[in-house]
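What you see is a predicted model; the values in this text were computed from it and never measured.
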Amino acid sequence: MGKESSLSLMSLTIQDILQWIECNIAEPLPLGVLAQKSGYSAWHFQRGFKKIAGMSPGMYIRYRKMVIARELLTETNRSITEIALHLGYQQQSTFCRAFREHYQRTPRQYRLQVQIGSVKGNN
């Protein structure tokens, strides 16, 4: 198999893994499980994933969890604890710390800011 064919196959595999991550975002997703699902060695999978997705698998999963959290905080009235559990965090404090590191504010602060912004936007 040529280099282009190999890269194309890796790209399709990574696209499948990205979809699978979306469907299983609340589950523990260690590198070994992702690599095994892809059929590549952990080293080869991680290298290909980063080349195609632009970040490591772990970084991508954390990023997606934060994007989903932001959407849930904005579009639902679910509690912060419910959102944390929905995204696979076993403790709300761990979720809040990750959210604060990503967005420089707590989930509660973010939700309040969005609510105030939408009230201002309606005037």
message: Tell me whether the count of non-hydrogen atoms from other residues, nucleotides or ligands lying under 6.0 Å of CD in Q109 goes above 12.
response: yes
statement: Value for CZ (R78) from CG (L85), rounded to nearest 0.5 Å, stands at 9.5 Å
- prompt: Would you call I14 and Y40 a side-chain contact if the rule is heavy atoms closer than 4.5 Å?
  reply: no
- prompt: Which heavy-atom pair separates A98 from Y89 by the least distance, and what is that distance?
  reply: CB-OH, 3.9 Å
Salt bridge (charged side-chain N to carboxylate O under 4.0 Å, His left out) pairs, two or more places apart, involving residues 13-25: E22-R64
- prompt: What residues form a ring pair (Phe, Tyr, Trp, His ring centres under 6.0 Å) with F45, not counting sequence neighbours?
  reply: F49
query: When rounded to the nearest 0.5 angstrom, what distance separates CZ in F95 from CZ in R100?
result: 11.5 Å
- prompt: Are the side chains of T74 and Y110 in touch, meaning some heavy atoms are under 4.5 Å apart?
  reply: yes
query: Stepwise, does the side chain to side chain contact (heavy atoms under 4.5 Å, CB included) test hold for M10 with H44?
result: CA-CA 10 Å; M10 173 63 89; H44 196 75; 3.4 Å; yes
query: Hey, is the main chain of Y103 close enough, under 3.5 Å, to the side chain of R105 for a donor-acceptor pair?
result: yes
Check against side chain to side chain contact (heavy atoms under 4.5 Å, CB included), L34 and W20: CA-CA 9 Å; L34 298 174; W20 189 80; 3.7 Å; yes
- prompt: So, do I52 and L18 sit near enough that their side-chain heavy atoms are less than 4.5 Å apart?
  reply: no
T76 vs R111 side-chain heavy atoms within contact, under 4.5 Å: yes
query: Are side-chain heavy atoms of C96 and T106 found at a separation under 4.5 Å?
result: no
- request: Give a yes or no on whether the backbone of S56 and the side-chain of K50 come within a donor-acceptor separation of less than 3.5 Å.
  value: no
field: W43 side chain near R47 side chain, heavy-atom distance below 4.5 Å
entry: yes
field: Heavy-atom closest pair, residues I17 and S38
entry: CD1-N, 3.9 Å
- request: State the CD1-CG distance between I83 and L73, to the nearest 0.5 angstrom.
  value: 4.0 Å
query: Tell me, do Y63 and H102 make a side-chain contact under 4.5 Å, heavy atoms counted?
result: yes
message: Within this structure, what is the NZ-OG distance for the pair K51 and S11, rounded to the nearest 0.5 Å?
response: 10.5 Å
statement: CD1 (I61) and CG (N24) are apart, to the nearest 0.5 Å, by 10.0 Å
Value rounded to 0.5 Å, distance of CZ in R108 from CD in Q113: 13.5 Å
message: Using the rule that Ile, Leu, Val, Met, Phe, Trp and Tyr join whenever any side-chain heavy atoms are under 4.5 Å apart, tell me whether M59 and L29 fall into a single cluster.
response: yes
